[in-house]
Structure formats: C-alpha cells, structure tokens
Asks: 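Structure incoming, see below.
All of these numbers come straight from a predicted model, not from anything done at the bench.
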Amino acid sequence: MMATITEKILAAHAGRDSVSPGEFANIRVDMVMANDITGPLAIKEFKRLGVSKVFDANRVVMVPDHFIPNKDIPSAIQAKTIREFARDYGVRYYETGKCGIEHVLLPEKGLVGPGQVVIGADSHTCTYGALGAFATGMGSTDVAAAMATGDIWMKVPPSIKFAFHGRLQPWVGGKDLILHTIGDIGIDGALYAAMEFGGEAITAMDMDGRFTMANMAIEAGAKAGIFAVDTETEAYIASHPQADHTAAYKAYRTDSDADYVRVVDYDASRIEPIIAFPHLPSNIKPVSQAGAIHMDQVVIGSCTNGRIGDLRVAAEILREHTVHDSLRCIIIPGTQQVYRDALREGLIEVFLDAGAVVSAPTCGPCLGGYMGILAPGERCLSTTNRNFVGRMGSPQSEVYLAGPAVAAATAIAGHIVPPGEVMSERKETSTWRS
C-alpha cells in the first residue's frame with residue numbers, strides 16, 4: 001500500500017504494516033514534552049493515575065519557558081511544580097540559564113528527529129516536523145496518560161501536499177511562505193490534516209525556515225506539519241547529535257503514488273514579504289500593500305522566529321541603523337545557545353548599538369505573559385505566531401505578524417515598511433537570501 005510520510009511513521013509506531021486516514025490507532029511515542037504553563041495540569045492528572053513512575057524518564061522532558069525567569073508568585077509556583085516533578089521522577093529538565101524556548105531547544109539538544117512520534121502539551125509542538133518527525137500538540141490530560149504509558153490513541157490524519165516552486169525573492173523566508181499559505185487556505189484549511197511541504201523552494205530553504213513553517217501548521221488547523229528528510233536535514237542532525245537514550249532516528253519518504261487528499265502548488269517567486277493583520281494569521285497582505293502603519297513595539301523572537309538564522313536576518317538590516325524613537329524593539333534569542341552564537345557573531349552588539357533591548361530566552365510576550373505587554377491602543381509587529389484579540393496584552397491592542405526582515409525594517413522606520421526600502425538607505429549591498 002502506497003503511503004505518505006505521516007502514514008508510514010504512524011504505522012511503524014502502531015506496530016502495523018499500514019494505517020489509513022480516518023482510522024484510529026494506538027501509537028507508541030518517542031518523546032513527551034510539557035512546559036511551565038501546561039506541565040502542572042499534566043502532572044496533576046498523572047498523579048491521579050496512581051502510577052509510581054513515567055514510562056521512560058529519558059523520553060519525558062519538562063521545559064519552563066513561558067514565564068521564565070519567573071515574573072510573579074503564581075508563575076514561580078508553576079515552575080516549582082515541574083521542577084519538583086522532574087526531580088522526583090528523574091525526567092529530563094531544562095532550567096533557566098540552561099534552557100530556552102522549548103521548540104527551539106529540543107531540536108538543538110538532539111531530543112527529536114526523523115521518523116519519531118513526538119507529542120507535547122503545547123500546540124506548536126508541530127515544529128519538529130521540520131526534521132521529518134510526526135509531532136503534534138495534545139491536551140495536558142492526554143500528555144499525562146502518555147507520560148504513564150508511552151502510548152497515545154489517535155485518529156490518523158489525511159495528508160495535504162503544499163509544493164513551493166521557483167526561487168524566493170530577497171528577504172522572503174519561511175514565515176512569509178506559511179503566512180501566504182494560511183492566508184490562502186484559511187485558519188481551518190488543513191483541519192486535522194498533516195501539511196506536507198515540498199518543492200524546489202523548500203529544498204533550497206535552510207532548517208530555520210522549515211522550523212518556522214512547521215511551527216505555524218497549527219494556525220491552519222493542521223494536526224502536524226512535516227518535511228521530507230534531505231541533505232539539509234542531515235546536515236542539521238550532524239551538527240546537533242542525538243541525545244543519549246532517545247529513540248533512534250529513521251527517515252521516511254512519501255511514495256510517488258501516495259494518495260493526498262489535496263495538492264496545492266505555489267509559485268514561490270511571486271511571494272513577497274507578508275504581513276498578517278489583526279486579528280487572525282489568515283488576514284494577510286503583502287508588505288507592498290500594507291501601508292505605513294505606525295507601531296509602538298517590535299518583537300523579534302519566539303518559537304517561530306527565535307533561531308540564529310532569524311537573528312542574522314534582523315542584524316543584517318539593523319546594522320548601522322537606529323531603532324525609531326517612537327517604538328521599542330525587543331529581541332529574544334530562542335535558547336542560551338542561540339544567545340551565545342549571537343554574541344560570538346557580534347549580533348548582540350549590533351542590536352544594542354541600534355537601540356534594541358535583548359532579553360533572556362522566553363516565550364514571554366508571545367502569549368501576553370511579560371517582557372512586552374501591550375497597553376490599550378498600542379500596536380506591535382511581532383515575529384510570533386498568533387495575533388488574536390488580546391494575545392499580547394490589552395484586548396484594545398493590535399498584533400501584526402511578519403518575518404524578522406520586515407520586523408527589523410519596521411523597528412527602524414517606526415512603521416511597516418518593505419525591508420528593501422530600509423536597506424537602500426545604506427551604501428553597502430545586502431547579500432542575504434533565504
């Protein structure tokens with residue numbers, strides 16, 4: 001039976017020769033993850049089961065990242081809960097100063113990889129599909145059961161193929177491709193499907209761009225986003241060796257005559273930098289049509305765009321420029337390692353010279369937690385993944401989504417602007433391409 005990547009992975013983890021979309025299967029998981037927001041509830045439900053240990057301590061990981069360092073007493077209690085659970089049950093745990101944003105951290109640490117099934121009590125767990133894994137978010141109760149048994153019971157999703165053809169324009173990256181896709185199909189256009197990405201534009205894209213696209217599959221309603229393993233994936237894995245005592249990697253490829261429920265083709269060469277307007281990721285406009293909308297804040301970071309490649313793009317634009325006096329620019333490296341790499345490459349100095357502030361790794365502003373809360377009437381252009389009403393603070397504020405290039409250019413101009421317009425002000429010519 002011909003099958004997609006997703007169907008092959010799930011069949012292997014169900015101990016079966018094949019599975020079909022729509023049927024239910026008991027699936028063995030390779031990694032279970034929770035954070036300081038979702039972990040405490042999962043821990044509460046886990047303890048209600050009355051079991052004495054997790055199914056495999058090396059395959060359960062707790063990452064405090066949303067309110068870390070703790071912003072107040074309730075967040076400190078949340079973090080304390082998962083810290084104590086990690087100590088008592090011996091699971092993997094990454095604390096402040098040694099960690100970062102979960103969906104940047106796990107691939108960096110070699111905890112997830114091709115052919116695995118990874119679940120997390122966070123909707124953006126689908127990020128790991130960039131590595132050829134089937135990764136999906138689940139509720140805290142489901143995660144509790146998985147921590148105890150190592151299994152999940154789920155419906156096999158259908159697969160939709162998204163093929164991006166042609167060469168990307170300057171300053172266009174993974175964020176622009178996924179926003180373009182969500183704008184095209186809508187926030188439920190891939191409901192409970194596996195979004196499989198391919199095409200020559202994807203083959204030419206680096207892993208940071210792929211992580212961004214897989215990360216936002218959930219914003220189209222998808223169960224997972226997934227990429228085939230290629231030389232780019234293999235190079236990433238070689239530079240981020242697999243952690244000890246984790247499940248073995250295995251690359252799967254879709255059969256040539258596998259059955260997709262839909263195939264969507266895009267001419268990537270026609271896609272320009274994209275802006276998602278309030279209050280949905282699907283409410284998009286190309287930057288050339290966005291207008292010079294004033295911003296009060298720019299955020300560059302998050303599990304969507306907080307990797308070293310994203311910071312390099314931002315620094316390329318911010319170098320020899322100054323953040324506009326009318327706004328604040330907050331830059332958040334995704335992990336301690338990303339921070340260290342940015343320091344080594346001189347990117348942090350570029351940001352500071354420009355007048356931006358650099359934060360410790362945190363999800364903080366993305367969910368309206370801290371480190372960038374919006375007041376009524378304020379607007380923020382952010383490289384995060386959601387712009388719902390009140391997402392970053394006041395319900396009377398507005399969040400616009402974009403990639404790091406547009407974000408950095410906007411920080412300089414004080415309003416939305418195409419990156420090329422800012423770069424043309426400098427004598428030197430940028431050589432950056434996605």
Asks: If I take atom OG1 from residue T304 and atom CD1 from residue I101, how far apart are they, to the nearest 0.5 angstrom?
Replies: 8.5 Å

Asks: Assess the side chains of D56 and H245: does a donor N or O sit below 3.5 Å from an acceptor N or O?
Replies: no

Asks: For E398 and Y400, test the side chains for any donor-to-acceptor distance below 3.5 angstrom and give the result as yes or no.
Replies: yes

Asks: From the options D30, N26, V29, I152, select the one residue that forms a side chain to side chain contact (heavy atoms under 4.5 Å, CB included) with H13.
Replies: D30

Asks: Is it the case that T335 and E108 place a side-chain donor and acceptor less than 3.5 Å from each other?
Replies: yes

Asks: Do the numbers put K285 on top of the ring of F277, so that NZ or CZ is under 6.0 Å from the six-membered ring centre and no more than 45° off the axis?
Replies: yes

Asks: For atom CD of E349, is the number of surrounding heavy atoms from other residues, nucleotides or ligands below 6.0 Å larger than 12?
Replies: no

Asks: Of all heavy-atom pairs between P365 and V299, which one has the smallest distance, and what is that distance?
Replies: CG-CG1, 4.1 Å

Asks: Quick check: do H240 and P107 have side-chain heavy atoms less than 4.5 Å from each other?
Replies: no

Asks: Would you say that Y236 contacts L131 through its side chain, given a criterion of any heavy-atom pair below 4.5 Å between the two side chains?
Replies: yes

Asks: Please check if atom CG in D341 has more than 12 non-hydrogen atoms from other residues, nucleotides or ligands closer than 6.0 Å.
Replies: yes

Asks: Find the distance between CG (N305) and SG (C366) and round it off to the nearest 0.5 Å.
Replies: 10.5 Å

Asks: Show the nearest heavy-atom pair for residues P157 and L10, with the distance to one decimal.
Replies: CD-CD1, 3.8 Å

Asks: Any sub-3.5 Å donor-acceptor pair from Q78's side-chain atoms to D36's backbone N or O?
Replies: yes

Asks: Carefully, step by step, assess E196 and T254 under the rule side chain to side chain donor-acceptor pair (under 3.5 Å).
Replies: CA-CA 9 Å; E196 184 177 321; T254 293; 3.0 Å; yes

Asks: Side chain of Y370, backbone of P69: donor and acceptor closer than 3.5 Å?
Replies: yes

Asks: Sub-3.5 Å donor-acceptor pair from the side chain of E378 to the main-chain atoms of A375, do we have one?
Replies: yes

Asks: To the nearest 0.5 Å, how far apart are CZ in R167 and CG in D267?
Replies: 13.5 Å

Asks: Taking the side chain as every heavy atom from C-beta outward, state whether V104 and Q337 have any pair of such atoms under 4.5 Å apart.
Replies: no

Asks: If you round to the nearest 0.5 Å, how far is CD of E272 from CH2 of W171?
Replies: 15.0 Å

Asks: Nearest 0.5 angstrom please: I77 CD1 to N70 CG, how far?
Replies: 10.0 Å

Asks: Going by atom types only, do H103 and D65 share a side-chain donor-acceptor pair under 3.5 Å?
Replies: no

Asks: Decide whether S269 and Q169 meet the rule of one side-chain donor and one side-chain acceptor closer than 3.5 Å.
Replies: no

Asks: Kindly say whether the aromatic ring centers of Y93 and F85 come within a distance under 6.0 Å.
Replies: no

Asks: After noting the C-alpha distance and the side-chain angles of I226 and M195, does the key distance pass the side-chain contact (heavy atoms from CB on, under 4.5 Å) rule?
Replies: CA-CA 6 Å; I226 198 163; M195 298 176 74; over 6 Å; no

Asks: When you measure from the side chain of N58 to the backbone of T246, do you find a donor-acceptor pair of N or O atoms at a distance under 3.5 Å?
Replies: no

Asks: Measure from the side-chain N and O atoms of T38 to the backbone N and O of A121, and report whether any donor-acceptor pair falls under 3.5 Å.
Replies: yes

Asks: For P114, which of V229, I5, I9 qualifies under side chain to side chain contact (heavy atoms under 4.5 Å, CB included)?
Replies: V229

Asks: If you take all heavy atoms of A42 and A144, which pair is closest and at what distance?
Replies: O-CB, 3.3 Å

Asks: Once you round to the nearest 0.5 Å, how far does OG1 of T125 lie from CE of M33?
Replies: 3.5 Å

Asks: Can you spot which of D142, V143, V91 makes a side chain to side chain contact (heavy atoms under 4.5 Å, CB included) with V32?
Replies: V143

Asks: Less than 4.5 Å apart, side chain to side chain, heavy atoms only: is that true for M31 and L111?
Replies: yes

Asks: Sub-3.5 Å donor-acceptor pair from the side chain of E200 to the main-chain atoms of G166, do we have one?
Replies: yes

Asks: With no hydrogens and no angle check, just 3.5 Å: does a side-chain donor-acceptor pair link T384 and S302?
Replies: no

Asks: So does A247 get a backbone contact from the side chain of Q242, meaning a donor-acceptor N/O pair under 3.5 Å?
Replies: yes

Asks: So that I can tick it off, tell me whether K8 and D255 are bridged by a salt bridge, with the cut-off set at under 4.0 angstrom between side-chain N and carboxylate O.
Replies: yes

Asks: With a 3.5 Å distance limit and no angle check, can you tell me whether N283 reaches the backbone of L280 through a side-chain donor-acceptor pair?
Replies: no

Asks: Taking the side chain as everything from C-beta on, heavy atoms only, tell me whether N385 gets closer than 4.5 Å to P281.
Replies: no

Asks: Examine F134 together with Y128 and report whether their ring centres are nearer than 6.0 Å.
Replies: no

Asks: Is it true that R28 and D151 make a salt bridge, defined as a side-chain N closer than 4.0 Å to a carboxylate O?
Replies: yes

Asks: Checking Y249 side chain against V112 main chain: does a donor-acceptor pair fall under 3.5 Å?
Replies: yes

Asks: Can a side-chain donor-acceptor contact be found between S123 and R386 if the only test is distance below 3.5 angstrom?
Replies: yes

Asks: Quick one: do E84 and K80 make a salt bridge, cutoff under 4.0 Å?
Replies: yes

Asks: Taking atom types as modelled and ignoring hydrogens, do the side chains of Y266 and H180 form a donor-acceptor contact shorter than 3.5 angstrom?
Replies: no

Asks: In the structure I gave you, are the side-chain heavy atoms of V358 and P333 within less than 4.5 Å of one another anywhere?
Replies: yes

Asks: Just so I know, are the side chains of L168 and M205 near enough to count as touching, which here means a heavy-atom distance under 4.5 Å?
Replies: yes

Asks: Answer yes or no: is there a side-chain heavy-atom contact under 4.5 Å between D265 and H165?
Replies: yes

Asks: Please report the closest heavy-atom contact between A314 and I300, naming both atoms and the distance.
Replies: CB-CD1, 3.9 Å

Asks: Pair F55, V60 - check side-chain contact (heavy atoms from CB on, under 4.5 Å), show working.
Replies: CA-CA 8 Å; F55 81 101; V60 177; 3.9 Å; yes

Asks: Would you sort out whether D72 and S75 count as a side chain to side chain donor-acceptor pair (under 3.5 Å), showing the intermediate values?
Replies: CA-CA 6 Å; D72 54 20; S75 66; 2.9 Å; yes

Asks: Tell me if a side-chain donor or acceptor on T136 pairs with a main-chain N or O of A224 at a distance below 3.5 Å.
Replies: no

Asks: Going by atom types only, do T233 and D230 share a side-chain donor-acceptor pair under 3.5 Å?
Replies: yes

Asks: Checking Y94 against E102: is there a side-chain donor and acceptor pair closer than 3.5 Å?
Replies: no

Asks: I need the minimum non-hydrogen distance between V51 and Y89, along with the two atoms involved.
Replies: O-OH, 4.4 Å

Asks: Around atom CG of D17, are there more than 12 heavy atoms of other residues, nucleotides or ligands at under 6.0 Å?
Replies: no

Asks: Can D88 and R83 be counted as an ion pair, charged N to O under 4.0 angstrom?
Replies: no

Asks: Filter on salt bridge (Lys or Arg N to Asp or Glu O under 4.0 Å), then keep only pairs touching residues 37-51, sequence neighbours left out; what's left?
Replies: E45-R48

Asks: Would you name the heavy atoms of M295 and T410 that are closest together and state the gap between them?
Replies: CG-CG2, 3.8 Å

Asks: Would E23 and K155 pass as an ion pair if we require N to O under 4.0 Å?
Replies: no

